[in-house]
Amino acid sequence: MTDEIGIHDFLGKYATDVIGTCAFGLKLDSMTNETAKFRKYGRQLFKPTFRLLIVNILGMISSQNSKNVENSTVFI
């Protein structure tokens with residue numbers, strides 16, 4: 001018999017409780033409540049999507065292009 005816990009999930013629940021209590025004054029009890037709405041919507045908010053991937057890639061490309069334009073010397 002092992003006493004293993006998923007540390008990623010445990011710390012996520014703990015962080016949810018701390019943020020909910022400190023920022024919003026809520027008692028979320030997400031450590032014992034697996035179906036807490038606050039935690040569910042928090043996961044949805046940060047869930048990667050195809051749209052977010054495209055926006056991030058375009059942001060990286062445009063920032064690289066703007067740096068190249070600022071640093072280049074244009075002869076007219």
Side-chain angles (χ1 to χ4, degrees):
M1 181 185 236
T2 61
D3 295 331
E4 294 181 12
I5 59 169
I7 195 72
H8 185 266
D9 192 47
F10 179 76
L11 290 177
K13 290 177 182 179
Y14 180 74
T16 300
D17 280 346
V18 169
I19 292 168
T21 302
C22 295
F24 304 110
L26 303 173
K27 180 163 175 41
L28 300 175
D29 198 29
S30 63
M31 296 292 266
T32 56
N33 184 5
E34 292 292 327
T35 60
K37 286 186 179 181
F38 194 86
R39 183 140 167 80
K40 174 185 156 189
Y41 292 127
R43 268 191 252 123
Q44 265 184 343
L45 180 66
F46 293 107
K47 181 178 160 184
T49 62
F50 183 71
R51 180 182 181 276
L52 185 61
L53 175 69
I54 297 298
V55 168
N56 285 336
I57 290 172
L58 290 175
M60 286 187 273
I61 291 170
S62 70
S63 69
Q64 288 176 352
N65 287 339
S66 66
K67 287 178 187 175
N68 291 339
V69 170
E70 291 172 5
N71 295 332
S72 66
T73 305
V74 178
F75 296 102
I76 298 179

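Residue numbers start at 1 and run along the sequence shown. Predicted model only: the values in this text are computed from it and were never measured.
- With sequence neighbours left out, the side chain to side chain contact (heavy atoms under 4.5 Å, CB included) criterion links L45 to no other residue.
- In terms of the side chain to side chain contact (heavy atoms under 4.5 Å, CB included) criterion, residue partners of Y41 (sequence neighbours excluded) are, by chain and number, K37, Q44.
- Among residues two or more places apart in sequence or in another chain, the side chain to side chain contact (heavy atoms under 4.5 Å, CB included) test is passed with N33 by T35, A36.
- When the side chain to side chain contact (heavy atoms under 4.5 Å, CB included) test is applied to L11, the partners found at least two apart in sequence or on another chain are I7.
- Side chain of T21 to main chain of V18: no donor-acceptor pair is present (N/O by atom type, distance under 3.5 Å, no hydrogens or angles).
- Side-chain contact between K13 and E34 is present, with at least one heavy-atom pair separated by less than 4.5 Å.
- F24 belongs to a hydrophobic cluster whose other members, connected by ILVMFWY side-chain contacts under 4.5 Å either directly or through intermediates, are I19, L26, L28, F38.
- L52 shares a hydrophobic cluster with no other residue; no ILVMFWY side chain has heavy atoms under 4.5 Å from its own.
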If you apply the rule side-chain contact (heavy atoms from CB on, under 4.5 Å), what do you find for M31 with D17, and how did you get there? CA-CA 8 Å; M31 296 292 266; D17 280 346; 3.2 Å; yes
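- Taking 4.0 Å as the cut-off between side-chain N and carboxylate O, D9 and R39 count as a salt-bridged pair.
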